[in-house]
Amino acid sequence: MSEKSKLQKMNITKFQHDLVSWYEIEKRDLPWRRERDPYKIWVSEIMLQQTRVDTVIPFFNRFMDQFPTIDSLASADEESVLKAWEGLGYYSRIRNLQSAVKEVAENYDGIVPADKKEFLSLKGVGPYTGGAVLSIAYGLPEPAVDGNVMRVISRLLSIWDDIAKPSSRKIFEYTVGELMYKEDPSSFNQALMELGAIICTPTSPSCLLCPVQNHCMAFEEGVQRELPVKTKKKSDKKVSIGAVVLSTNDGRVLIEKRPQSGLLANLWQFPNVEMPSAMNPRHVLESLIEKEYGIKAKINMDKVTNITHAFSHLTWEIDVYTGVLESNITKERTKLVEKEEVESFAFSVSHQKIWKHVKGLDQ
DNA sequence: AATTCGGGGTT
DNA sequence: AACCCAGAATT
């Protein structure tokens with residue numbers, strides 16, 4: 001059965017009412033729901049990409065204290081902005097957001113564009129974020145299809161297309177567009193997401209508590225636990241890393257800024273190299289470090305610790321050493337800093353763990 | 001269309 | 001461990 005014919009069977013007006021009236025009563029009190037400023041709605045939506053609400057809340061509050069307006073973010077230096085994002089992940093989001101905010105400041109007179117084509121042209125603004133901000137901040141009837149919404153709609157209309165396939169998203173955008181409550185697109189879109197987060201959860205949906213159970217085809221067919229269909233991605237690769245915290249005789253520490261593109265772009269780290277295999281002798285690491293960084297170093301015999309850190313697509317297994325830097329350092333993007341100022345730089349979480357461990361050795 | 005990009009909570 | 005999360009850019 002086509003999505004169109006399924007929609008024709010629905011009482012859409014009653015569905016909208018059941019969903020939105022539930023939302024008005026049950027919605028969580030979240031910081032960005034107290035805001036009307038399109039800039040703040042926008043920042044919240046960028047932070048919420050692939051990131052849980054509970055994780056975002058403290059980052060959002062701190063970010064708004066530090067960068068409360070378009071102009072404050074547009075004129076901020078990159079290091080302080082990256083530091084504010086430290087630990088949140090997907091760091092291209094903040095680089096793209098600051099770039100987009102600068103464009104709004106320069107080309108849109110500081111006003112977040114309410115035009116779909118214009119807003120979607122900004123860096124980091126895709127179909128979901130575009131629909132979310134335009135509906136929540138400006139009340140426009142645009143679908144905002146995220147993972148929650150695909151799960152909810154796949155069950156509501158018993159849609160068995162694989163939601164992992166990019167081509168499936170347009171099916172859900174079409175159906176959400178047909179279901180859209182045009183009197184209040186903001187509440188409607190947020191209600192779909194809230195339902196997915198609270199009731200219509202991935203593994204064991206609380207159908208007995210669901211405000212739109214009477215409208216749900218999957219519940220009627222008893223297949224809600226089999227939806228949505230989502231093919232699983234293949235397991236990740238493992239990479240062995242040797243890292244060393246090198247100190248100078250006067251107590252400073254060598255750090256390096258990562259390349260401006262790729263994994264953890266522009267974040268700071270301690271010198272490290274990919275090891276040919278795990279269980280390398282220490283002198284192999286020493287020679288690889290000296291070659292990569294063009295330095296002379298004395299690495300201590302005993303491994304300090306090892307850290308396993310999983311990303312979405314690979315896992316680092318890091319052997320951590322300490323050592324003494326015995327030559328000058330000329331490599332680009334490196335810096336010698338006092339121990340007390342290490343934590344003022346933005347590090348990835350794995351290298352934060354390294355520093356936390358090594359710092360603890362001193363006491 | 002497939003891969004790259006973080007980190008942490010759930011099950 | 002595997003899965004998932006208010007996804008977008010790149011290849």
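Throughout, a chain's letter reflects where its sequence line sits, starting with A, and its residues are numbered from 1. The structure displayed is predicted, hence computed values, not measured ones.
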TODO: Assess whether one donor atom and one acceptor atom, taken from the side chain of A:Arg93 and the base of B:dC5, lie less than 3.5 Å apart.
DONE: no
- [ ] Look at A:Ser92 and B:dT4 and indicate whether a side-chain polar atom (N or O) is within less than 4.0 Å of OP1 or OP2.
- [x] no
- [ ] Report which part of the nucleic acid A:Arg33 touches: base, sugar-phosphate, or nothing (heavy-atom distance under 4.0 Å, all strands).
- [x] base
Open item on the list: Do the side chains of A:Asp18 and A:Lys14 get close enough for a salt bridge, i.e. N-O under 4.0 angstrom?
Closed with: yes
Open item on the list: Closest-nucleotide mapping onto DNA chain B: is A:Lys353 or A:Thr203 further toward the 5' terminus? I mean the 5' end.
Closed with: A:Lys353
Open item on the list: Measuring from the side chain of A:Pro202 (C-beta onward, heavy atoms only), which nucleotide among C:dA6, B:dT11, C:dC4 has the closest atom?
Closed with: C:dC4
Open item on the list: Tell me the interatomic distance from A:Arg169, atom CZ, to C:dG7, atom P, rounded to whole angstroms.
Closed with: 12 Å
TODO: State whether A:Gln50 places a side-chain N or O below 4.0 Å from either non-bridging phosphate oxygen (OP1 or OP2) of C:dG7.
DONE: yes
Open item on the list: Mind checking if A:Ser167 touches a base, just sugar-phosphate, or nothing, with heavy atoms under 4.0 Å?
Closed with: sugar-phosphate
TODO: Would you mind classifying the nucleic acid contact of A:Ser312 as base, sugar-phosphate or nothing, using non-hydrogen atoms under 4.0 angstrom?
DONE: base
- [ ] Answer with base, sugar-phosphate or nothing: what part of the nucleic acid does A:Tyr90 contact at a heavy-atom distance below 4.0 Å?
- [x] base
- [ ] Could you tell me whether A:Glu79 and A:Lys257 have a side-chain N and a carboxylate O separated by less than 4.0 Å?
- [x] yes
TODO: Check each of A:Glu194, A:Lys27, A:Glu24 against A:Ser187 using the side-chain hydrogen bond (donor to acceptor under 3.5 Å, both in side chains) test, and report the only one that passes.
DONE: A:Glu24
Open item on the list: Closest-nucleotide mapping onto DNA chain B: is A:Pro166 or A:Val349 further toward the 5' terminus? I mean the 5' end.
Closed with: A:Pro166
Task: Span that lies between the P atom of C:dT11 and that of B:dG6, in whole angstrom - done: 15 Å
- [ ] Select base, sugar-phosphate, or nothing to describe what A:Ile46 touches, counting heavy atoms under 4.0 Å on all strands.
- [x] nothing
Open item on the list: Is the ring pair A:Phe63/A:Phe67 parallel, tilted or perpendicular, if the boundaries are 30 and 60 degrees?
Closed with: tilted
TODO: Give the rounded distance in Å between these two atoms: CG of A:Leu97 and P of B:dC5.
DONE: 20 Å
Open item on the list: Mind checking if A:Gly262 touches a base, just sugar-phosphate, or nothing, with heavy atoms under 4.0 Å?
Closed with: sugar-phosphate
Open item on the list: The side chain of A:Leu263 is closest to which nucleotide in this list: C:dA8, B:dC5, B:dG7?
Closed with: B:dC5
Open item on the list: Base, sugar-phosphate or nothing for A:Lys165? Non-hydrogen atoms, less than 4.0 Å.
Closed with: nothing
Open item on the list: Heavy atoms only, 4.0 Å cut-off, all strands: where does A:Ser44 land among base, sugar-phosphate and nothing?
Closed with: nothing
Task: Spacing of A:Glu45 atom CD relative to C:dA8 atom P, expressed in whole Å - done: 10 Å
TODO: Please state the P separation for the pair B:dT3 and C:dA6 - nearest whole angstrom.
DONE: 24 Å
Task: A:Glu343/A:Lys359 ion pair, N-O < 4.0 Å - done: yes
TODO: Decide if the gap between the ring center of A:Trp85 and the ring center of A:Tyr90 is smaller than 6.0 angstrom.
DONE: no
TODO: Would you indicate what A:Val53 reaches in the nucleic acid, counting non-hydrogen atoms under 4.0 angstrom: base, sugar-phosphate, or nothing?
DONE: base
Open item on the list: Would you say the ring centers of A:Phe347 and A:Trp355 fall short of 6.0 Å from each other?
Closed with: no
Open item on the list: Whole angstroms only, please: what is the CZ-P distance between A:Phe311 and B:dT4?
Closed with: 14 Å
Open item on the list: Categorize A:Trp32 for me: base, sugar-phosphate, or nothing, with a 4.0 angstrom heavy-atom threshold over every strand shown.
Closed with: base
Open item on the list: Taking donor-acceptor contacts at under 3.5 Å, does the side chain of A:Thr51 reach the base of B:dG6?
Closed with: yes
- [ ] Please state whether the phosphate of C:dA9, meaning OP1 or OP2, lies under 4.0 angstrom from any side-chain nitrogen or oxygen of A:Arg95.
- [x] no
Task: Contact under 4.0 Å: A:His313 side-chain N or O vs B:dT3 OP1/OP2 - done: no
TODO: Using a heavy-atom cut-off of under 4.0 Å over every strand shown, decide if A:Arg28 touches base, sugar-phosphate, or nothing.
DONE: base
- [ ] Would you mind reading off the distance between A:Arg52 atom CZ and C:dA6 atom P, rounded to a whole angstrom?
- [x] 6 Å
